[in-house]
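Quick notes on the structure that follows.
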Amino acid sequence: MDFISSILQDLLNILFSFTGDLGIAIVFITLVVKLVLMPLSLKQRFAMRKQQDLAEKINHIKEKYKDNTKELEEQLQKHLAESMKSMLGCSTLLIQMPVIYSLYNTFLNMPQSSASILIPWISSLNVSDNLFIIPCIYTLTMLAPSLISFIPYFKVSSQIAFSKQMAISTVIMSFILTAKTPVAIGIYFITSSVYSLIEDICFRIYVKQKSKLIVN
């Protein structure tokens, strides 16, 4: 962890020396880390989608063979191995955690207290946003992936339904997470969330196009 944090701190200092703005440097280093981790992130997305598809298949099997216990067990066992493989694919998030934690820790322990052109209403990146603009922006970026599901084109099958409870939980957790943390952390969270949103949109477009090719 310390080794990764040291590398990220050095990279942040280099980016800061080039940009002259710590906020912009945070955006760049966050994007660099996200791009490096993109293969793992995409693998996780494919695994999660496969897991959702398998869950849908299993529910269909249970309904189809509900009166035939023997056939039901055989069909479920057939899909069990495939389900376990996709669950292993979801575990790629664990591999990313040390890097993400180190990046978070780097921003949390920044010695600089300079301002940024990205957030002119804040005098230092080491303080929290008393106007709560950063928490509001972060909350919206966290809600965005679920909200775009209401656009017919971006809605994919096997998707978990977006509920009012989920929306409330997302708003509360996102706001609490950034309300009292340093603005530097807020910039990291927003950049990371926007990147994930763009990646999610691209992934949905890819799934849609692939589905059309299979149908045709």
Side-chain angles (χ1 to χ4, degrees), residues 4-5 7-42 44-45 48 93 96-151 154 162 166-205:
I4 299 174
S5 294
I7 293 175
L8 291 173
Q9 183 65 59
D10 290 341
L11 179 58
L12 181 63
N13 291 333
I14 293 170
L15 289 170
F16 178 55
S17 67
F18 274 105
T19 62
D21 188 302
L22 195 56
I24 295 175
I26 290 172
V27 171
F28 279 138
I29 193 175
T30 304
L31 292 176
V32 167
V33 171
K34 284 290 186 178
L35 288 171
V36 169
L37 295 175
M38 186 170 64
L40 292 176
S41 177
L42 290 176
Q44 181 189 346
R45 287 186 184 277
M48 288 178 67
L93 178 63
Q96 302 177 50
M97 289 308 294
V99 179
I100 295 171
Y101 173 79
S102 297
L103 187 60
Y104 177 90
N105 194 52
T106 298
F107 298 148
L108 201 61
N109 296 304
M110 286 189 315
Q112 297 97 335
S113 59
S114 58
S116 172
I117 193 174
L118 298 177
I119 41 172
W121 65 93
I122 298 291
S123 59
S124 172
L125 298 184
N126 286 340
V127 301
S128 59
D129 184 359
N130 292 328
L131 297 178
F132 301 110
I133 296 174
I134 293 293
C136 288
I137 295 173
Y138 178 58
T139 300
L140 288 174
T141 59
M142 287 298 292
L143 283 172
S146 298
L147 294 177
I148 63 172
S149 298
F150 290 100
I151 302 174
F154 291 116
F162 184 61
M166 287 175 62
I168 293 172
S169 299
T170 300
V171 169
I172 293 174
M173 290 303 296
S174 301
F175 201 87
I176 290 175
L177 196 60
T178 50
K180 293 300 179 181
T181 55
V183 171
I185 302 299
I187 294 174
Y188 157 66
F189 279 140
I190 291 171
T191 305
S192 180
S193 184
V194 170
Y195 174 89
S196 297
L197 173 62
I198 295 172
E199 186 181 84
D200 184 44
I201 290 173
C202 293
F203 181 76
R204 293 183 192 219
I205 293 173

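What you see below is based on every heavy atom in this structure, not just the backbone, and it leaves out hydrogens, waters and symmetry mates. Just so you know, residue 1 is the first one in the sequence shown, and it goes up from there.
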Does atom OH of Tyr195 have more than 12 heavy-atom neighbours from other groups under 6.0 Å away?
yes

Heavy-atom count check: over 12 atoms from other residues, nucleotides or ligands less than 6.0 Å from Phe132 CZ?
yes

Heavy atoms, side chains only, cut-off 4.5 Å: are [X] and [Y] in contact?
X	Y	answer
Phe18	Ile14	yes
Val33	Leu11	no
Ile172	Ile176	yes

Take Asp200 and Ser196 through the test side-chain contact (heavy atoms from CB on, under 4.5 Å) and record every step on the way to the result.
CA-CA 6 Å; Asp200 184 44; Ser196 297; over 6 Å; no

Could you give the distance from [atom1] ([X]) to [atom2] ([Y]), rounded to the nearest 0.5 Å?
X	Y	atom1	atom2	value
Ile24	Ile29	CD1	CD1	14.5 Å
Leu143	Ser174	CG	OG	6.5 Å
Ser192	Ile187	OG	CD1	13.5 Å
Tyr188	Thr106	OH	OG1	10.0 Å
Lys34	Glu199	NZ	CD	7.5 Å
Leu42	Leu37	CG	CG	11.0 Å

Regarding Thr141 and Ser193, do their side chains bring together a donor and an acceptor under 3.5 Å, going by distance alone?
yes

In sequence, state the C-alpha distance, the side-chain angles, and the governing distance for Trp121 and Ile119, and then conclude on side-chain contact (heavy atoms from CB on, under 4.5 Å).
CA-CA 6 Å; Trp121 65 93; Ile119 41 172; 3.5 Å; yes

Could you report the tightest heavy-atom contact between [X] and [Y], atom names first, then the distance?
X	Y	result
Leu197	Ala144	CD2-CB, 3.7 Å
Gly186	Ile134	CA-CG2, 3.7 Å
Asp129	Pro135	OD2-CD, 4.2 Å
Ala115	Ser123	CB-O, 3.5 Å
Pro182	Leu125	CB-O, 3.5 Å
Ser116	Asp21	OG-OD1, 2.6 Å

Does the Thr19 side chain pair with the main chain of Leu15, one donor and one acceptor, at a distance under 3.5 Å?
yes

Name the one of Ile137, Ile185, Leu118 that satisfies side chain to side chain contact (heavy atoms under 4.5 Å, CB included) with Ile190?
Ile137

Which residue in the set Ile26, Ile122, Thr178 passes side chain to side chain contact (heavy atoms under 4.5 Å, CB included) when paired with Val183?
Ile122

